[in-house]
Amino acid sequence: MFNTNRRQFLAGTSALAGLSFLSLAGCSKNNDAIRIGFMLPYTGTYAKLGMAIENGFKLALSELGDSPFGKTIEFFTVDDESNPAKATDNANKIMTRDNVDVVIGTVHSGVAMGMIKVARETGSLVIIPNAGANAATGAMCASNVFRTSFSNWQPTHPLGRIMVEQGHRRSVFVTWKYGAGEEALASFREGFEAAGGEVIKELFVPFPNVEFQAILTEIASLKPDAVACFFAGGGAVKFVKDYAAAGLKSSIPLYGSGFLTEGVLEAQGESAEGITTTLHYADGLQNAKNLAFRKAYRAAYSEEADVYAVQGYDAGLLLIKALQETSGDLSLKAEAISAMEGAEIDSPRGSWIMSRAHNPIQNFYTVRVENGINNVVGTAWEGLEDPASGCDL
Ligand code: BEZ
């Protein structure tokens with residue numbers, strides 16, 4: 001795992017296994033280098049997500065081979081700890097002190113909002129590989145900020161309709177109380193009510209708390225038709241296990257945005273079987289690109305890829321478009337931005353294009369956990385575009 005502010009140097013690569021890292025502490029700017037900053041969580045409940053993003057990103061870059069455009073690649077990292085209170089300082093460190101050409105960050109919506117405020121001042125190029133804060137590609141959109149993941153509005157938009165189609169009209173929604181969960185809930189409510197459902201109760205726990213006993217007791221006494229939720233990472237493991245252990249799984253089916261079962265199925269084990277979610281990716285997607293990606297990821301990291309690895313990989317593919325357009329010179333910002341705006345990404349999730357607000361227009365799948373795999377059981381929404389309210393790009 002990488003430490004806060006650790007500086008790294010990547011000499012030319014033809015295979016990820018051959019990557020070598022040297023410390024660059026104290027080095028001045030080298031114009032023959034492409035400087036890439038990771039502002040990601042490397043500790044806390046989202047630590048695994050941050051690492052998967054970095055791994056996926058590096059896998060994409062390794063496809064460029066040795067010395068892309070005659071340059072070396074320097075990596076800079078900051079552990080943002082999923083802590084919004086430190087976001088401004090951390091963004092300033094990576095954008096101003098380390099003076100990177102592009103920032104790949106971050107996971108947590110609250111941290112992303114602080115980071116974007118700094119990016120709007122510095123003009124730094126940013127690719128968001130996860131955080132779904134609606135405003136990032138809505139009211140706070142900016143020409144220098146792109147996202148390769150989703151807006152929080154997107155994954156739960158189709159979920160309510162699917163739950164009603166499966167016979168559930170009275171639902172409880174459970175989430176951590178912070179931007180991502182609240183936006184997921186708002187979007188779920190919109191779709192669920194439009195389909196004739198009723199959210200009978202909203203239940204919250206503070207982020208990143210995992211003490212779920214009180215809300216599980218309340219769910220048991222409310223007796224809804226089903227429960228929908230937003231949790232991810234370590235919190236998703238604990239919630240799914242506690243839900244099953246409380247004896248609710250067989251009587252009140254559990255649904256969620258797909259983060260609930262992404263990258264955590266092994267840890268959740270039997271307790272995740274049968275959970276239905278909606279997401280823009282699933283391990284079980286059978287397209288050729290996904291099969292090749294998963295094989296390459298497994299070979300490079302001895303681990304299974306997940307949605308976070310895919311979003312990091314796609315951030316790498318997007319950056320490659322900018323590097324190709326500028327022959328590796330990201331100081332040609334207008335050209336880099338124009339290449340990314342016109343990008344069509346041949347992704348393991350299926351190909352997607354960038355919206356005018358710089359957010360993916362992409363398919364969402366209905367996913368069901370079967371035999372320890374996130375299996376695609378249908379397309380929940382084809383080509384879903386975030387409304388991008390307040391963005392005037
Ligand atoms: C978010 O904070 O935006 C987020 C974190 C983990 C998974 C999905 C969204």
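The structure displayed is predicted, hence computed values, not measured ones. Both counts, for ligands and for their atoms, begin at 1 and track the order of listing.
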query = Which one holds for Ala180 and ligand 1: side chain close, backbone close, both close, or neither close, with close meaning a heavy atom under 4.0 Å?
reply = side chain
query = Does ligand 1 have a heavy atom under 4.0 Å from the side chain of Phe150, from its backbone, from both, or from neither?
reply = side chain
inquiry  = Students often mix this up, so state it plainly: with edges at 30° and 60°, are the rings of Phe207 and Tyr178 parallel, tilted or perpendicular?
reply    = tilted
Salt-bridge contact Lys321-Glu325 (side-chain N to carboxylate O under 4.0 Å) = no
request  = Report, in ascending order of atom number, the atoms of ligand 1 lying under 4.0 Å from any heavy atom of Gly132.
outcome  = 3 (O)
query = Which of parallel (below 30°), tilted (30 to 60°) and perpendicular (above 60°) describes Phe188 and Phe173?
reply = tilted
note = Of all protein heavy atoms, the one nearest atom 2 (O) of ligand 1 is Tyr178 OH, 2.5 Å
query = His108 heavy atoms, cut-off 4.0 Å: which ligand 1 atoms fall inside?
reply = 2 (O)
request  = Salt-bridge test for Arg170 and Glu198: reply yes if a basic N is under 4.0 Å from a carboxylate O, no otherwise.
outcome  = no
remark   = Under 4.0 Å from one or more heavy atoms of Asn152, ligand 1 contributes atoms 3 (O)
request  = Kindly compute the distance separating CE (Met39) from CD1 (Ile94), expressed to the nearest 0.5 Å.
outcome  = 8.0 Å
request  = Would you mind running through ligand 1 and noting each atom that sits below 4.0 Å from a heavy atom of Ala232?
outcome  = 6 (C), 7 (C)
inquiry  = One residue to check: Phe230. Relative to ligand 1, which of side chain, backbone, both or neither has a non-hydrogen atom less than 4.0 Å away?
reply    = side chain
Atoms in ligand 1 flagged as close to Ala131, the criterion being non-hydrogen separation under 4.0 Å = 3 (O)
request  = Considering the heavy atoms of Asn130, write down every atom of ligand 1 situated less than 4.0 Å from one of them.
outcome  = 4 (C), 5 (C), 6 (C), 7 (C), 8 (C), 9 (C)
task = Assess Lys48 against Tyr42: is NZ or CZ under 6.0 Å from the centre of the six-membered ring, and within 45 degrees of the ring's axis?
result = no
request  = May I ask you to check if ligand 1 and Tyr308 share an N or O to N or O distance below 3.5 Å?
outcome  = no
task = Just say parallel, tilted or perpendicular for the rings of Phe150 and Phe259, cut-offs at 30° and 60°.
result = tilted
In a table with atom names and distances, give each donor-acceptor pair under 3.5 Å that connects a side chain of residues 328-338 to protein atoms at least two apart or in another chain.
unit_1	atom_1	unit_2	atom_2	d
Asp329	OD1	Ser331	N	3.0
Asp329	OD1	Ser331	OG	2.6
Asp329	OD2	Ser331	OG	3.4
Lys333	NZ	Gly123	O	2.8

note = Numbered in order shown, the ligand 1 atoms found under 4.0 Å of a heavy atom of Val107 are 1 (C), 2 (O), 3 (O), 4 (C), 5 (C)
key: Between CZ on residue Phe146 and CG on residue Leu125, distance to nearest 0.5 Å   = 7.0 Å
Element-labelled atoms of ligand 1 that are located less than 4.0 Å from some non-hydrogen atom of Ser109 = 1 (C), 2 (O), 3 (O)
